There are 2 protein chains.
Amino acid sequence: MDELKIGDLAKRSGVSVRTLHHYDAIGLLVPSHRTPSGHRLYGRDEIARLQQIVSLRQMNFSLEQIAEMLRGADAQRVIAMHVARLREQIAMQQELCARLEHLASSASTVDELLQTIETMTLFEKYYSKPQLDALAARREQLGESRLREAQSEWPRLMQRVREELARGTDPKHPRVVALAKQWRALIDEFTGGDAAIEQSLRNLYANESAVAERHGADRALSDYIARALS
Amino acid sequence: MDELKIGDLAKRSGVSVRTLHHYDAIGLLVPSHRTPSGHRLYGRDEIARLQQIVSLRQMNFSLEQIAEMLRGADAQRVIAMHVARLREQIAMQQELCARLEHLASSASTVDELLQTIETMTLFEKYYSKPQLDALAARREQLGESRLREAQSEWPRLMQRVREELARGTDPKHPRVVALAKQWRALIDEFTGGDAAIEQSLRNLYANESAVAERHGADRALSDYIARALS
DNA sequence: CTAAAACCTCACGCAACGTCAGGTGCAAGC
DNA sequence: GCTTGCACCTGACGTTGCGTGAGGTTTTAG
């Protein structure tokens with residue numbers, strides 16, 4: 001007879017018996033007959049259908065999509081949607097990859113890594129997409145080495161300003177004014193002179209006190225700078 | 001007090017209450033205290049930890065990987081592995097996309113689509129990877145139009161040979177020999193003259209009777225051709 | 001006729017939560 | 001003092017596509 005038992009079909013088609021059970025359970029591939037004792041028997045049609053199912057699964061369609069297509073739905077549409085979703089995923093994953101590699105190369109300890117990631121997350125929360133693109137372009141333009149330089153320059157500069165403030169130096173004192181000018185220059189270099197971006201940066205520091213404590217200037221410090229530059 | 005209740009933490013950090021329950025259940029983020037009535041209270045440390053978790057999840061790490069990293073595991077290694085997996089996935093998805101688009105453009109009805117997919121699947125089963133690459137290059141070389149032409153030529157040719165066979169024409173008859181030469185030419189065009197590829201094709205037809213019935217020649221037919229060419 | 005192989009039907013497990021369901025805690029208005 | 005209503009609690013099932021037993025019956029080979 002040309003009816004196959006489940007194990008034979010499994011071997012011939014390369015899927016597991018359990019998978020066939022599953023397809024039966026969800027109604028995707030139901031055996032044409034059963035023996036009186038309940039053993040599944042698959043006929044020619046089912047064998048052909050299984051081939052199709054396997055093929056479609058290799059193309060990564062979901063079982064539901066496969067069922068839909070085999071029911072005669074518009075295959076072109078299903079495929080188009082599938083491709084669209086795939087493309088989206090690819091784009092996202094590529095972005096992720098790029099970031100992760102950049103990340104892994106720029107930080108070494110776990111803490112530094114987390115720092116960097118958190119900062120990236122925050123940036124995405126506070127900047128619009130075009131702004132982020134602009135910042136990326138800006139970084140590209142500045143180059144890695146200058147970026148690193150600026151990153152180490154920033155805390156030193158802040159420390160020196162803080163000292164002047166603590167010492168009570170007049171904000172109009174030339175030494176302070178010089179520091180303040182460096183300060184502005186650094187910010188301009190980062191923002192590319194874009195006022196909107198600077199505003200977003202300000203919002204970030206205003207709302208995320210945790211970040212401000214580590215990297216940013218508190219209110220007293222930024223007032224001091226503002227007076228120096230006025 | 002600076003302990004947050006679960007709802008407040010959820011709002012501040014942008015995750016759902018259920019997610020926090022989940023993180024608690026799996027031990028990823030356990031509240032420092034509970035009120036006597038059992039309400040969760042999160043302290044500063046937990047808030048910070050949640051920030052980190054959220055950031056890492058945005059990079060698509062699994063909760064297990066995150067737990068690992070926060071326990072102080074080698075972050076570089078985890079990231080490297082993650083990137084490697086991502087790259088693999090990207091490669092696979094890109095291949096899939098290319099195929100699916102090619103597919104959607106070359107077939108229109110559901111049956112044709114399934115036909116094409118099945119044939120692709122079978123090819124992958126019977127040819128080694130370098131062979132498949134060679135075939136792809138060959139198709140590239142031939143061009144789309146010639147390919148389509150050959151595909152429609154094939155059944156016509158086979159039909160004519162079948163007729164001669166049924167009529168009992170001597171295989172050495174010039175008309176049959178001419179048909180047989182066309183036959184060989186088509187196969188050579190497809191295989192690029194590669195004997196190994198032709199052998200694989202033969203195996204495919206030998207083992208997959210369903211395909212042979214539709215596209216291929218049965219034993220009688222191929223014997224007939226062989227005699228015509230001898 | 002017996003033992004092994006193949007078959008059957010539950011049913012849990014996986015990742016990361018969403019989504020009820022049914023019950024308690026706590027502040028405010030009547 | 002009582003009710004309303006909101007925030008909180010603990011289960012527990014659903015999702016996707018099966019893997020992996022458990023425990024029991026049927027078929028097949030020797």
Side-chain angles (χ1 to χ4, degrees), chain A residues 1 3-42 46 50 52-70 78 81-82 85-86 89 92, chain B residues 1 3-42 46 49-50 52-70 78 81-82 85-86 89 92-93:
Chain A
M1 61 180 82
E3 310 235 84
L4 289 178
K5 289 174 53 177
I6 198 168
D8 300 328
L9 179 57
K11 272 180 217 155
R12 279 169 61 91
S13 57
V15 307
S16 72
V17 170
R18 175 66 179 101
T19 298
L20 291 174
H21 280 169
H22 185 57
Y23 291 171
D24 187 5
I26 65 173
L28 179 58
L29 181 71
V30 181
S32 49
H33 306 301
R34 296 264 193 149
T35 66
S37 59
H39 289 195
R40 284 167 246 257
L41 292 176
Y42 294 87
E46 284 76 39
L50 179 57
Q52 299 181 328
I53 294 173
V54 170
S55 302
L56 288 170
R57 268 224 56 91
Q58 274 212 330
M59 311 304 257
N60 207 15
F61 288 104
S62 74
L63 296 185
E64 203 168 7
Q65 287 176 315
I66 293 176
E68 210 180 325
M69 290 172 75
L70 291 184
V78 178
M81 281 179 51
H82 196 48
R85 268 229 341 249
L86 278 174
Q89 276 192 28
M92 284 180 50
Chain B
M1 61 181 83
E3 311 235 84
L4 289 178
K5 288 173 51 175
I6 198 169
D8 299 328
L9 179 57
K11 272 180 216 155
R12 279 170 60 94
S13 57
V15 306
S16 72
V17 170
R18 175 66 180 100
T19 297
L20 292 174
H21 280 169
H22 185 57
Y23 291 170
D24 187 5
I26 65 173
L28 179 58
L29 181 70
V30 181
S32 49
H33 306 301
R34 297 263 194 150
T35 67
S37 58
H39 289 195
R40 293 170 175 78
L41 291 177
Y42 295 88
E46 284 76 38
R49 189 177 167 95
L50 179 56
Q52 299 181 329
I53 294 172
V54 170
S55 302
L56 288 170
R57 268 223 56 86
Q58 273 212 330
M59 311 305 258
N60 208 15
F61 288 104
S62 73
L63 296 186
E64 203 168 7
Q65 287 176 315
I66 293 176
E68 210 179 324
M69 290 172 74
L70 291 185
V78 178
M81 282 178 52
H82 196 46
R85 270 227 341 248
L86 278 174
Q89 275 192 29
M92 285 180 50
Q93 289 176 343

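Lettering follows sequence order; numbering is per chain, from 1. Everything numeric in this text was worked out from a predicted model, so none of it was measured.
Separation of atoms CD (E46(B)) and NE2 (H33(B)) is listed at 8.0 Å; rounding is to 0.5 Å. Here the straight-line distance linking atom NE2 of H21(B) with atom OG1 of T19(B) works out to 10.0 Å at 0.5 Å rounding. In this structure, the separation between CG on L70(B) and CZ on R49(B) is 4.5 Å, given to the nearest 0.5 Å. Note that the OH atom of Y42(A) and the CG atom of L50(A) stand 8.5 Å from one another [nearest 0.5 Å]. The distance from the CG atom of D24(B) to the CZ atom of R40(B) is 4.5 Å, given to the nearest 0.5 Å. Between atom CD1 of residue I6(A) and atom CG of residue L20(A) there is a gap of 4.5 Å, rounded to the nearest 0.5 Å.
Distance from the side chain of H22(A) is smallest to dC18(D) among dG19(D), dA6(C), dC18(D). The side chain of I6(A) approaches dC7(C) more closely than any other nucleotide in the set dC18(D), dC7(C), dC17(C). For R18(A), counting side-chain heavy atoms from C-beta on, the closest listed nucleotide (dG19(D), dC8(C), dT10(D)) is dG19(D).
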Table please: side-chain donor-acceptor pairs of residues 54-61 of chain B below 3.5 Å, with sequence neighbours left out.
| unit_1 | atom_1 | unit_2 | atom_2 | d |
| --- | --- | --- | --- | --- |
| S55(B) | OG | T121(A) | OG1 | 3.4 |
| S55(B) | OG | Q51(B) | O | 2.9 |
| R57(B) | NH1 | F61(B) | O | 3.2 |

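Summary of helix geometry: the two end axes of the helix from dC1(C)-dG30(D) to dC30(C)-dG1(D), each defined by five base pairs via their C1' atoms, are inclined to each other by 30° (rounded to 10°).
Residues H39(B) and E64(B) both approach DNA chain C. Their nearest nucleotides, taken by heavy-atom distance, put E64(B) toward the 5′ side. If you find the closest nucleotide of DNA chain C to G38(A) and to V17(B), the one lying nearer the 5' end belongs to G38(A).
Taking side-chain N and O atoms only, H21(A) has a distance below 4.0 Å to OP1 or OP2 of dC8(C). Close to dC7(C), at under 4.0 Å from its OP1 or OP2, lies no side-chain N or O of R40(A). In this model, the phosphate group of dA16(C) is not approached by any side-chain N or O of Y23(B) to a distance below 4.0 Å at OP1 or OP2. For the pair S37(A) and dC8(C), the criterion of a side-chain N or O lying under 4.0 Å from OP1 or OP2 is not met. Applying the 4.0 Å criterion to OP1 and OP2 of dG19(D), one finds that T19(A) has a side-chain N or O inside that range.
Taking atom CZ of residue R57(B) and atom P of nucleotide dC17(C), one finds them 5 Å apart after rounding to whole Å. The interatomic distance linking R34(B) (CZ) with dT24(C) (P) rounds to 17 Å, in whole Å. In this structure, L63(A) atom CG and dG17(D) atom P are separated by 4 Å, rounded to whole Å.
Residue I26(A) is out of contact with every strand shown, counting any heavy-atom pair closer than 4.0 Å. Residue S62(A) is classed as a sugar-phosphate contact, given heavy-atom separations below 4.0 Å to backbone atoms only. Across all strands, T35(B) comes closer than 4.0 Å to no nucleic acid atom at all (heavy-atom distances).
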